[in-house]
Every structure is written in structure tokens, then in C-alpha cells.
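Just so it is clear, the model here is predicted, and its values are computed rather than measured.
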Amino acid sequence: MMNPRFALALRSGRPLGLTVRSVVLGAALALLLPACGGATPAARTAPSPSPNVRRALVLGGGGPTGRAFELGLLKGLRDAGIDLTQADLVVGTSAGAVLGSQIRAGESVDTLYAALLADPNSPSVAHGDPGYDPAYFQQTVQLINGAPEVTPALRIEVGKRALAAAKALSEDTQLRFIETDLGGLVHEWPGQPLKVAAGDVADGTMRFFDSTQGVPIEQALAASTAAPGRVAPIAIGDRRYMDGFVGGPCPGGCWPNLDGAAGYGLIVAVTLGSGPQLTQQIELLRSRGSRVVIISPDAESAAARGTDPFDLSRLAPTAAAGLRQAGTVATEVRSIWNERLPARR
């Protein structure tokens with residue numbers, strides 16, 4: 001499994017072994033690869049963002065435990081005076097799309113965190129028939145997680161497996177789950193910008209649904225969370241879509257699709273994995289003038305999540321780990337996020 005820790009280049013020019021990586025405009029700051037133990041970057045020379053810089057929050061997937069980590073982290077940062085939920089745009093993938101929708105619907109991180117802790121712990125697989133073939137599902141996921149590069153062709157292969165699954169949770173089942181079991185959601189798109197990522201099973205492209213496309217939010221969320229091999233692809237118009245995690249590889253979870261935040265001056269992404277394509281996305285966004293900050297689970301948070309993203313017994317400890325980890329990254333995130341407030345239109 002890939003080491004989730006990232007190196008952070010600070011203004012002092014010293015590499016630190018934290019799980020935040022700040023990618024700053026300007027060639028003077030080296031982009032560090034996730035596997036690196038540290039390098040010696042030059043001092044930051046990029047100017048501060050202007051007051052009209054727009055901020056985007058990107059939330060990755062990773063199943064229920066991924067959402068728990070993200071929620072704990074957001075609450076911990078908000079408690080430290082860094083409210084990422086006030087972003088001008090939220091981009092969500094899979095479980096991150098669900099959390100992003102709840103936030104945009106007006107649910108506070110305090111309320112969501114309290115509700116998560118109040119839920120009784122339960123095993124990840126209930127007694128009886130789970131409604132899908134766990135072995136087939138794991139084999140399908142491994143096509144993405146084990147790939148050195150995730151291409152549209154690979155996504156098409158995964159999409160074919162999703163369509164061919166002899167046993168999978170139905171579209172109606174997934175829609176009922178979105179509408180009734182998640183809670184805190186409204187049956188309409190929020191007024192504030194939200195994008196929901198999903199993968200097209202036919203051509204392997206990624207699509208970002210939003211309020212301008214005439215797609216009900218429940219359908220968009222069902223598509224973004226339709227894990228191939230576990231849930232049947234979701235029909236939207238004449239296309240069918242699967243979980244947004246197919247956008248890239250990730251050990252035990254998924255990293256978010258940063259393309260949805262392209263054009264924003266500051267992008268903070270919470271991701272549960274890494275990989276060469278993520279690095280390439282960051283480099284591209286940086287070349288276009290964006291700052292990018294990546295936060296991923298540290299060793300303690302990763303241990304709290306375990307290896308099964310659907311293990312509901314790990315929700316509370318994973319959320320607590322995210323809350324704790326927020327304290328280790330708050331100073332670095334604050335220096336970027338609160339440096340200049342974006343203009344409100």
C-alpha cells in the first residue's frame with residue numbers, strides 16, 4: 001500500500017514530513033512526490049493571491065470511512081478558525097460528493113459530526129446476503145487500485161465489468177439509499193456551487209454534474225457512489241455512470257478529481273491516496289496559476305480507517321482521527337486559506 005504521508009514545503013524552505021503538501025505558483029517551489037522523504041526546495045517567491053481569488057474545496061471518496069475522515073478533518077479545521085466549507089466551490093467524488101452535498105445543503109460540520117458519533121457501530125457486512133458478489137467487487141476495484149496509470153481505456157474495462165456483474169445492488173436500491181439513508185440532504189441542488197464527479201461506463205470519461213444540467217441531485221449522487229461491481233451503473237439520460245473513484249488509483253479509497261476545480265486560484269483537496277496522475281494534475285493546475293494544498297490521512301488516521309472502507313464500526317474512530325489530525329495541519333492550511341478572503345459576488 002502506498003504511503004499516504006506527504007512532504008510539505010513551507011515558506012522557511014524546510015521540508016517537513018507532514019500530510020499537507022502546498023503547491024505554490026512559481027518555479028522556485030519544487031513539487032514533491034508523495035514517495036519522497038523530503039527535498040530542499042527554494043524559498044517561496046510567489047506573490048500573495050489578490051482579494052478576488054476564488055477558493056475551491058475538493059473532497060475525495062473512500063466509502064463511509066472516507067467520509068468520516070473528511071468530516072473529522074473539516075470540523076477540526078473549522079474549530080481552529082479555518083472554515084473550508086465557505087469555499088466558493090465544492091467538488092465531491094463518491095463519499096466526498098455526499099458530504100459536499102450535505103455541507104452545501106446547510107448542514108453544519110458540528111451537526112454532521114454529532115450525528116455520525118450517535119450512530120451505533122455495526123459490522124461492514126451484515127449477516128445474510130449482501131446483495132452483490134464481494135469477490136467480484138474487490139477484483140473490479142483492484143483494476144483501478146493496482147494500475148500504474150488510469151486511462152479512459154482502463155475505465156472502459158472497469159465499466160464493462162460493472163455492466164456485466166451477475167449480482168449487484170440495483171439502481172433503485174442505490175437511489176433509495178441516497179434519498180432515505182444518508183440524511184441531511186435536500187431534493188434539489190444547493191444555491192452555492194457544487195460539482196459531483198462520476199465516470200461514464202461507455203467511453204471512460206469523467207463527468208462533473210452540477211445544477212445547470214437538469215439532472216436531479218439524487219441521481220448525480222447515486223452515480224458518483226455506484227461502485228463498479230457492487231452497484232449497477234446509474235442511468236442518466238442515455239448514458240450510464242459509475243463511482244467517481246474510477247478517476248484515479250488509491251489504496252483503500254480514492255483521490256478527488258481536481259479537474260473539477262480548474263480555474264480556481266486556491267484549491268484545497270482532501271484525498272485518501274496519491275499517484276503519478278495526481279502529481280500531474282497538480283503540476284498542470286500550478287502551471288495555470290493555482291495554489292493546490294493536498295491533505296491525506298497520516299499513519300494514525302490510516303490505521304483508524306483500516307482496510308475496509310465500508311466497515312461502519314470504524315466510523316467514530318476514523319472521525320476522531322481526522323479531528324486530531326486537523327490540529328497538525330491547521331497552521332499550514334490557515335496560512336493559505338485565510339491569507340486573503342475571496343470577493344463575494
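Sorted by first then second residue, the salt bridge (Lys or Arg N to Asp or Glu O under 4.0 Å) pairs that include residues 198-211, not counting sequence neighbours, are Asp200-Arg239, Asp203-Arg239. Sorted pairs that involve residues 68-92 and meet ring-ring contact (aromatic ring centres under 6.0 Å, His included), not counting sequence neighbours, are lacking altogether. Applying the ring-ring contact (aromatic ring centres under 6.0 Å, His included) rule to pairs touching residues 191-213 yields Phe209-Tyr241, sequence neighbours excluded.
With contacts defined as side-chain heavy-atom distances shorter than 4.5 Å, the pair Phe245/Val141 qualifies. In this structure, the side chains of Leu116 and Leu71 come closer than 4.5 Å at one or more pairs of heavy atoms. For the pair Leu143 and Glu157, the minimum side-chain heavy-atom distance is below 4.5 Å. Looking at heavy atoms from C-beta onward, Val91 lies out of side-chain contact with Leu57 at the 4.5 angstrom threshold. Residues Val150 and Ile144 have side chains in contact (heavy-atom distance under 4.5 Å, counting atoms from C-beta outward). In this structure the side chain of Leu194 reaches within 4.5 angstrom of the side chain of Ile217, judged on heavy atoms. The shortest side-chain heavy-atom distance between Arg67 and Leu112 falls under the 4.5 Å cut-off. Within the 4.5 Å cutoff, no side-chain heavy atoms of Ile282 are placed close to those of Leu285.
Under a 4.0 Å N-O distance rule, the pair Lys75/Asp79 qualifies as a salt bridge. Using a 4.0 Å cut-off between charged nitrogen and carboxylate oxygen, Glu171 and Arg240 count as a salt-bridge pair.
For Tyr113, there are no ring-ring contact (aromatic ring centres under 6.0 Å, His included) partners, not counting sequence neighbours. Every residue meeting the side-chain contact (heavy atoms from CB on, under 4.5 Å) condition with Ala330, not counting sequence neighbours, appears here in chain and number order: Leu77, Ala80, Ile82, Arg334. For the salt bridge (Lys or Arg N to Asp or Glu O under 4.0 Å) test, residues two or more places apart in sequence or in another chain that qualify with Arg78 are Asp110.
When only modelled atom types and interatomic distance are considered, Asp243 and Ser94 share a side-chain donor-acceptor pair under 3.5 Å.
When all heavy atoms of Arg55 and Gln86 are compared, the pair lying nearest together is NH2-O, 4.0 Å. Between Gly62 and Leu272, the shortest heavy-atom distance links the atoms CA-CD1, 3.7 Å. Of all the heavy atoms in Ala168 and Ala232, the pair that sits closest is CB-N, 3.9 Å. Between Val196 and Ala97, the shortest heavy-atom distance links the atoms CG1-CB, 3.8 Å. The two residues Phe137 and Gly229 make their nearest non-hydrogen contact at CB-O, 3.7 Å. The heavy-atom pair separating Ile267 from Ala261 by the smallest distance is CD1-O, 3.6 Å.
Taken together through direct or relayed side-chain contacts under 4.5 Å among Ile, Leu, Val, Met, Phe, Trp and Tyr, Leu154 and Met206 form part of one hydrophobic cluster.
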Practice problem: Test salt bridge (charged side-chain N to carboxylate O under 4.0 Å, His left out) on Arg324 and Asp298 and set out the steps. | Solution: CA-CA 10 Å; Arg324 186 261 328 150; Asp298 60 15; 2.8 Å; yes
